[in-house]
There are 2 protein chains.
Amino acid sequence: MTIQEAARRSGLSAHTLRYYERIGLIHSVGRNGSGHRDYDEQDLGWLDFLTKLRSTGMSIADMCRYAQLLRAGAHTAGERRRMLERHREKVAARIAELTQDLSALDYKIRTYRETA
Amino acid sequence: MTIQEAARRSGLSAHTLRYYERIGLIHSVGRNGSGHRDYDEQDLGWLDFLTKLRSTGMSIADMCRYAQLLRAGAHTAGERRRMLERHREKVAARIAELTQDLSALDYKIRTYRETA
DNA sequence: GTCGCCCTTAGAGTGCGCTCGAAGTCAAAC
DNA sequence: GTTTGACTTCGAGCGCACTCTAAGGGCGAC
């Protein structure tokens, strides 16, 4: 599929897809006869995973590291798993923090309602 | 209290405190005889509130807008309340998104565990 | 065949939120 | 009295994650 189609389906811009490939986040997307990128379903799945990592706040640098480990082969599975586990804890902590801040916000809003 | 003490208690750097004041996020912090900033408990409370807004992802621009409304007086209370309510919804949505992504992450980690 | 459009690469530019540096002031320590 | 060190202002610089531009290539529609 074309870069536009991949952009539409992944929710990333074509610019961002090229950028991700340039920095090594996406490896060896196929090219068609004209040298244009030709994404397949596996690429889409990987993009989807990357998007989840991004949206949970993983840095581009860490995502690159994960991608590199993946390319290095099965013997890095343990390290990849540990990366995800560490990241998981960060996300859980972030949810806890946001949940607390949400209560504080609710409290503040209540005071506005009572004052009004 | 000195800027260092305010930095320590607020968790922001002295640089950031000056920056916040410059852009209008913090209004008229008192000065002592030497022209040095002299923070009081009310300033600390405001910083604490700002920090909550920041950590929940409100942009500096929106925080400035809130600060401006606050300075404008009591007749802006409704608009301030609406700002907070809109922000509250964003935070709640973010928590929901993170919670979903956390499950996806957990699933992925489980597949690593089973493969290992 | 040429117009229009989308593609390619490599590098420059942008926006956000700080973060730092330079130049100067002031007060306490020695 | 001079050194030390924290403070002041204000503008420049930085890191991140894109986002865009320039210059050129390829292909289908007319």
Side-chain angles (χ1 to χ4, degrees), chain A residues 1-40 43 46-68 87 90-91 94 97 101, chain B residues 1-40 43 46-68 87 90-91 94 97 101:
Chain A
M1 94 196 58
T2 68
I3 194 168
Q4 288 309 329
E5 182 70 7
R8 198 188 58 73
R9 286 189 48 192
S10 68
L12 297 165
S13 74
H15 280 307
T16 300
L17 288 178
R18 291 193 201 98
Y19 163 68
Y20 276 9
E21 189 174 337
R22 208 173 351 156
I23 63 176
L25 256 187
I26 312 173
H27 193 49
S28 65
V29 173
R31 305 292 149 130
N32 67 14
S34 335
H36 293 190
R37 288 170 179 80
D38 185 10
Y39 293 83
D40 61 23
D43 294 325
W46 174 239
L47 283 175
D48 209 59
F49 180 58
L50 286 182
T51 301
K52 273 196 183 31
L53 293 183
R54 259 319 279 143
S55 101
T56 50
M58 184 180 282
S59 72
I60 293 280
D62 281 357
M63 282 161 55
C64 283
R65 170 143 187 74
Y66 185 92
Q68 212 170 12
H87 185 58
K90 280 190 201 164
V91 176
R94 180 74 183 128
E97 189 191 5
D101 289 348
Chain B
M1 92 196 60
T2 69
I3 193 166
Q4 289 309 328
E5 181 70 5
R8 200 188 56 73
R9 286 190 48 191
S10 68
L12 298 165
S13 74
H15 281 305
T16 300
L17 288 178
R18 291 193 201 99
Y19 164 68
Y20 276 8
E21 189 174 337
R22 211 181 339 163
I23 63 176
L25 257 187
I26 312 172
H27 194 50
S28 66
V29 173
R31 305 291 150 131
N32 68 14
S34 338
H36 292 189
R37 288 170 179 80
D38 185 9
Y39 294 83
D40 60 23
D43 294 325
W46 174 239
L47 283 175
D48 209 56
F49 180 58
L50 286 182
T51 302
K52 273 194 183 29
L53 292 183
R54 262 315 282 144
S55 102
T56 51
M58 185 179 282
S59 71
I60 293 279
D62 281 356
M63 282 161 55
C64 283
R65 171 145 186 72
Y66 186 92
Q68 213 171 11
H87 185 59
K90 280 191 200 164
V91 176
R94 180 75 182 127
E97 189 192 4
D101 290 347

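Just so we're on the same page: letters track the sequence lines, and every chain starts at 1.
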> Quick one: does D38(A)'s side chain have a donor or acceptor within less than 3.5 Å of a partner on R31(A)'s backbone?
Replying inline: no
Aromatic rings W46(B) and Y66(B): how do their planes relate, parallel, tilted or perpendicular, breaks at 30° and 60°?
parallel
In this structure, CG of L53(A) is separated from CG of D48(A) (nearest 0.5 Å) by 10.5 Å
Whole-Å distance, I3(B) CD1 to dG5(D) C1', equals 15 Å
On DNA chain C, more 5' by nearest nucleotide between H36(B) and E21(A) is E21(A)
Taken to the nearest whole Å, CE/M1(B) to P/dC7(D) is 14 Å
To the nearest angstrom, the CG-P distance between D38(A) and dC27(D) comes to 14 Å
Separation of dC7(D) atom P from E5(B) atom CD, nearest Å, is 11 Å
In B/S/- notation (B base, S sugar-phosphate only, - none; protein heavy atoms under 4.0 Å), nucleotides 10-24 of chain C written 5' to 3' is -B-----BBBB----
N32(B) CG to dT8(D) P, in whole Å, measures 8 Å
Considering only heavy side-chain atoms of S34(B), the closest of dC7(C), dT8(D), dA27(C) is dA27(C)
What one should report as the nearest heavy-atom pair of Y39(B) and T2(B) is CD1-O, 4.0 Å
Requested in this report: Would you mind checking if E21(A) and R18(A) are paired as a salt bridge, meaning a charged N to carboxylate O distance below 4.0 Å?
Outcome: no
Under 4.0 Å from OP1 or OP2 of dG26(D): is there any side-chain N or O of R31(A) that close? no
With a 4.0 Å cutoff (strictly under), does any side-chain N or O of Q4(A) reach OP1 or OP2 of dC6(C)?
no
Of all heavy-atom pairs linking A14(A) and A7(A), the shortest is N-CB, 3.8 Å
